[in-house]
Amino acid sequence: PATGHLACGGSGVGRLPEPADIVREMEETQARGKTLAGKKVLVTAGGTLEAIDPVRFIGNRSSGKMGYAVAQEAAQRGAEVVLVAGGTVALADPPGIRVLHTESALAMREAVLQEAADAAVVIKAAAVADYRPKERAKQKIKKNDAELTLVLEKNPDILMELGARKRETQILVGFAAETQNLLAYAQEKLKKKNLDLIVANDVTCPDAGFNTETNLVKIIGRDGSIKELPLLSKQKVAKTILDAIESLQK
Ligand code: C5P
């Protein structure tokens with residue numbers, strides 16, 4: 001949908017796009033063709049959910065929308081897509097895509113390491129929790145008058161592990177959601193995690209980042225290239241990310 005003034009009086013995403021834009025989009029899709037046919041693309045999406053007890057958890061604001069858009073775009077281009085969703089995702093499974101629902105970072109790691117072995121492209125859009133409660137209470141924790149201290153332990157960095165075992169021909173793409181020093185932190189992560197591309201977004205920007213329909217990102221390449229995109233729908237951002245991946249494959 002296009003963005004602008006809506007019949008309900010508000011403004012936002014929800015307008016019927018101009019017919020000319022719809023036609024152009026169709027022509028572009030047709031012209032693009034099945035450029036990823038025969039390739040396995042693994043995508044992770046959403047936030048992980050780290051249990052405190054049977055009813056409570058630590059989570060984050062990631063909706064999974066960016067990762068789902070990337071998975072759908074890759075499927076439209078003919079790829080065999082496997083989408084590993086974290087526990088905070090509440091989106092419908094997209095048709096034609098194998099979706100593996102996981103809860104915690106540890107469960108996501110297991111699914112990802114297994115599926116990444118034969119994937120040509122891995123895109124890690126998930127917001128993986130850096131820490132998990134050290135102990136998961138078997139019963140619901142009861143309140144009392146005292147303070148409650150949760151001890152957290154470090155989760156493994158899935159993307160870092162993938163980077164360490166990356167095959168020559170595999171393309172590894174990470175995301176960096178930052179609230180400050182966006183470019184510097186993203187470039188540092190690209191190097192540290194041995195990535196080919198990193199998609200950086202400033203999550204303090206309104207309309208960008210967690211649980212929004214649009215995103216404002218910079219795509220940074222291993223070669224030092226920086227592509228700054230305007231505020232776009234997550235579908236359009238997904239297209240640009242896949243175009244950047246395809247140009248690396250040539
Ligand atoms: O280090 P940071 O969490 O900012 O890096 C973000 C990127 O690393 C994302 O692509 C995310 O999916 C991935 N990541 C991961 N495992 C973690 C933490 C982050 O795969 N434990």
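Only this structure's heavy atoms are used, side chains among them; waters, hydrogens and symmetry mates stay out. Whatever order the structure lists ligands and atoms in, that order sets their numbers, starting from 1.
- Ligand 1 has P156 within reach: a non-hydrogen atom of the residue lies less than 4.0 Å from it.
- For N155, the heavy-atom gap to ligand 1 stays at 4.0 angstrom or more.
- Other residues, nucleotides and ligands contribute only 12 or fewer heavy atoms inside 6.0 Å of the CD atom of E135.
- Scanning the protein heavy atoms around atom 4 (O) of ligand 1, the nearest turns out to be K189 NZ, 2.4 Å.
- The two residues T214 and K234 make their nearest non-hydrogen contact at O-CE, 3.6 Å.
- Proximity of M160 to ligand 1 is not established, as no heavy-atom distance is less than 4.0 Å.
- The nearest protein atom to atom 19 (C) of ligand 1, hydrogens excluded, is given as K193 NZ, 3.8 Å; this is a heavy-atom distance.
- Nearest protein heavy-atom neighbour of atom 16 (N) of ligand 1: I158 N, 3.0 Å.
- Salt-bridge formation is detected for the pair R109/E161: a Lys NZ or Arg NE/NH1/NH2 atom is positioned less than 4.0 Å from an Asp or Glu carboxylate oxygen.
- Enclosure of atom NZ in K39 is not indicated, since only 12 or fewer non-hydrogen atoms of other residues, nucleotides or ligands lie within 6.0 angstrom.
- A distance-only check finds no donor-acceptor pair linking the side chain of E178 to the backbone of A184 [under 3.5 Å].
- Checking only distances, A126 does come within under 3.5 Å of ligand 1, N or O to N or O.
- Of all protein heavy atoms, the one lying nearest to atom 14 (N) of ligand 1 is D157 OD1, 3.8 Å.
- Here the protein heavy atom with the shortest distance to atom 10 (O) of ligand 1 is K124 O, 2.6 Å.
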When you look at I220 and L197, which way does the side-chain contact (heavy atoms from CB on, under 4.5 Å) test go after all the steps? CA-CA 6 Å; I220 302 158; L197 292 174; over 6 Å; no

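- Considering every non-hydrogen atom in both Y68 and H101, the closest pair reads OH-CE1, 4.0 Å.
- Every atom of ligand 1 is numbered from 1 in the order shown, and the set under 4.0 Å from a heavy atom of G174 is 10 (O).
- With respect to atom 9 (C) of ligand 1, the closest heavy atom belonging to the protein is F175 O, 3.2 Å.
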Apply side-chain contact (heavy atoms from CB on, under 4.5 Å) to residues D196 and V173 and explain how you reach the verdict. CA-CA 6 Å; D196 299 287; V173 182; 5.6 Å; no

